[in-house]
Amino acid sequence: MAFAIKMGFLLVTSSLMAVAAVSSSSFAVETSSSSSSSSCVGDPGMKRDGLRVAFEAWNFCNEVGTEAPSMGSPRAADCFRLSSSKTNKLNGGGYNIHHKVTDADNRLGVGKSFPGLNPKALDDPDLYAAEKELYLGSLCQVVENATNPWQFWMIMLKNGNYDTTSGLCPENGKKVAPFPPGRFPCFGDGCMNQPILAHQPTSITWSGTGSAKSAVSDSVPVMRGGFNGTYDDSNATSVSYFEVTWEKSVGIGSWEFNHKLKTSKRYPWLMLYLRADATKGFSGGYHYDTRGMLNTLPESPNFKVRLSLDVKKGGGPKSQFYLIDMGSCWKNNGDPCDGDVLTDITRYSEMIINPEIPAWCSPSALENCPPYHITPNDTKIYRNNTASFPYGAYHYYCAPGNARHLEKPYSTCDPYSNPQAQELVQLLPHPIWGEYGYPTKKGEGWVGDAKTWELDVGGLSSRLYFYQDPGSKDAKRIWTSLDVGTEIFVSNKDEEAEWSLSDFDVIIT
């Protein structure tokens with residue numbers, strides 16, 4: 001079921017579905033996976049009927065900057081409880097969806113108070129969005145057995161435009177003066193704007209003809225909802241577009257999240273992910289307290305990720321589609337992050353499955369390679385070992401911009417796109433990753449090759465190179481974000497990506 005969007009700044013989100021009062025004979029039908037004891041997520045395998053999902057949008061440096069007109073702060077949620085009175089088979093067969101987040105909650109913006117809001121954040125768009133996420137999390141939170149509460153799956157949308165004349169983004173955590181344009185896309189003043197957002201609150205029907213693999217027949221009610229929108233206004237000659245819809249048959253299978261992302265002339269660099277984030281603390285790339293789905297934080301090497309992925313459109317030759325993206329944070333001396341953006345370092349590892357993405361790491365470009373590769377049997381192969389180093393397994397490695405003891409030659413990561421310095425280890429399909437269940441050849445898992453994956457993310461992440469100061473203690477590799485999606489870089493034409501994701505789980509091994 002496609003959701004249409006009207007272009008223009010005054011797009012109004014849908015009002016929440018009215019819900020009838022539940023009779024005394026009603027009963028809750030929220031269900032969870034039986035394997036929850038070994039899962040790190042609150043909704044193992046996305047099987048729970050009572051969905052918890054949220055939306056967040058960021059500018060280039062993972063802040064808000066300025067809210068879009070009439071849209072409120074770019075945070076929203078769709079969380080509900082499903083119940084049934086078993087009394088009739090009309091209007092969803094006696095099932096009722098009880099939304100926990102109202103339209104007014106989703107449209108909260110700077111200047112509007114809500115319970116728990118810090119007065120310092122009331123008129124600050126960056127702080128307000130962070131606190132609004134906490135508030136939405138409190139409305140969506142699930143507490144089971146009085147331990148490990150969790151909140152929601154997170155849909156993340158990011159605009160890659162950067163107005164370098166604005167001085168909005170720090171450089172490796174340090175405030176810097178504006179500098180001339182040219183290094184990043186930006187059409188001028190306002191290029192870092194937030195999107196227009198429409199919400200289709202989850203509703204329930206007896207139609208079994210949707211795209212969800214769990215929608216097996218007209219005898220089973222189906223739940224559907226979504227978020228969509230654009231960065232462009234109605235005067236644009238080409239229009240950006242994003243959409244995430246979800247659907248599930250009651251009591252059957254997994255939620256299926258269907259994603260679409262389209263770039264435009266004015267917005268040529270866009271990112272869209274579905275994330276399992278930490279339920280408290282810092283998620284990957286942020287320096288605010290966050291809410292999410294990871295009620296137990298996975299630590300290398302003892303966890304795996306299971307998911308089903310069907311890529312329908314790839315997003316063009318510069319679409320860095322991540323089968324899995326791991327995000328965490330620790331300091332160069334191995335200590336955990338504490339919110340000090342001058343010394344915290346965001347660490348990412350990303351498996352890119354777009355077969356058009358080349359390996360920038362090569363014998364003639366050692367600065368784009370990690371200093372060494374570690375095999376499954378813990379053998380180190382240094383990057384100058386041209387006979388043995390698996391250059392084709394790495395798209396790009398870049399070191400933290402504030403690292404003080406880098407081995408030459410080296411490349412440092414973009415210093416502006418995170419609130420603190422960052423380190424990237426970007427991987428490509430290669431036989432060397434086969435032991436961990438990752439793709440071993442170009443095209444595996446890509447368009448036309450839908451798969452269910454079981455990835456030994458913990459085992460692989462324990463052997464990847466990440467910088468630390470010489471003589472420092474080894475950091476605990478505890479991962480606060482695991483996500484799937486794409487980063488479409490600047491192209492000479494509009495690009496489109498489309499994919500579906502289901503069965504997502506993170507399992508302790």
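Throughout, residue positions are numbered sequentially from 1 according to the sequence presented.
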* Asked: Got more than 12 heavy atoms from elsewhere within 6.0 Å of NZ, K442?
  -> yes

* Asked: Rounded to the nearest 0.5 Å, what separation is found between the CG atom of L274 and the CH2 atom of W499?
  -> 9.5 Å

* To do: Not counting sequence neighbours, list each pair that qualifies as a side-chain hydrogen bond (donor to acceptor under 3.5 Å, both in side chains) and has a residue in residues 323-337.
  => K331-D338, K331-T343, K331-D344, N332-R347, N332-N402, N333-D335, D335-K473

* **Salt-bridge present (E495, K493; N to O < 4.0 Å)** => yes

* **Exam field: side chain S319 to backbone G316, donor-acceptor pair closer than 3.5 Å** => no

* Evaluate the side-chain proximity of F489 to Q320: yes if any heavy-atom separation is below 4.5 Å, no if none is. => yes

* Structure fact -> side chain to side chain contact (heavy atoms under 4.5 Å, CB included) filter on R463, not counting sequence neighbours, yields I374, D378, Y436

* Mind telling me whether W433 and Y394 have parallel, tilted or perpendicular rings, with 30° and 60° as the class edges? => perpendicular

* Asked: Is the closest side-chain heavy-atom distance between D163 and L168 below 4.5 Å?
  -> no

* **Spacing of CG belonging to L323 relative to CG belonging to L501, to within rounding of 0.5 Å** => 9.5 Å

* Where is the tightest heavy-atom contact between P400 and T412, given as atom of each residue plus distance? -> O-CG2, 4.1 Å

* Asked: Who pairs with D126 by salt bridge (Lys or Arg N to Asp or Glu O under 4.0 Å), at least two apart in sequence or on another chain?
  -> none

* To do: Could you pull out the closest heavy-atom pair between Y162 and C186, with the gap in Å?
  => O-CB, 3.6 Å

* To do: Look at the rings of Y465 and Y372 and say which category their plane angle falls in: under 30° parallel, 30 to 60° tilted, over 60° perpendicular.
  => perpendicular

* For atom CZ of F114, is the number of surrounding heavy atoms from other residues, nucleotides or ligands below 6.0 Å larger than 12? -> yes

* Asked: Minimum heavy-atom separation for M192 to C169, with atom names?
  -> CE-SG, 4.0 Å

* Asked: How far apart are the C-alpha atoms of Q426 and W360, what are their side-chain angles, what is the distance that settles it, and do they pass the side chain to side chain contact (heavy atoms under 4.5 Å, CB included) test?
  -> CA-CA 10 Å; Q426 294 185 313; W360 289 355; 5.9 Å; no

* Indicate yes or no: at least one non-hydrogen side-chain atom of L197 is less than 4.5 angstrom from one of N106. => no

* To do: For Q194, check side-chain hydrogen bond (donor to acceptor under 3.5 Å, both in side chains) against everything at least two apart and list the hits.
  => none

* Shortest non-hydrogen contact from M271 toward N159 -> CE-C, 4.3 Å

* Find the distance between NZ (K304) and CD (E454) and round it off to the nearest 0.5 Å. => 4.5 Å

* To do: Mark yes or no for whether K132, through its side chain, and S73, through its backbone, hold a donor-acceptor pair below 3.5 Å.
  => yes

* Asked: In Å and rounded to the nearest 0.5 Å, what is the CG to CD1 distance from L294 to I478?
  -> 12.0 Å

* Asked: How long is the gap from OG1 on T245 to CG on N258, to the nearest 0.5 Å?
  -> 4.0 Å

* **Neighbour count >12 (heavy atoms, 6.0 Å) for atom NZ, K262** => yes

* Measure from the side-chain N and O atoms of T164 to the backbone N and O of P180, and report whether any donor-acceptor pair falls under 3.5 Å. => yes

* Set of salt bridge (Lys or Arg N to Asp or Glu O under 4.0 Å) partners for K313, sequence neighbours left out -> E496

* Any donor-acceptor pair under 3.5 Å from N302 side chain to T509 backbone -> no

* How would you list, by chain and number, every residue that makes a side chain to side chain contact (heavy atoms under 4.5 Å, CB included) with T279, sequence neighbours excluded? -> W150, Q151, N295

* **Within 6.0 Å of CG in N377, more than 12 heavy atoms from elsewhere** => yes

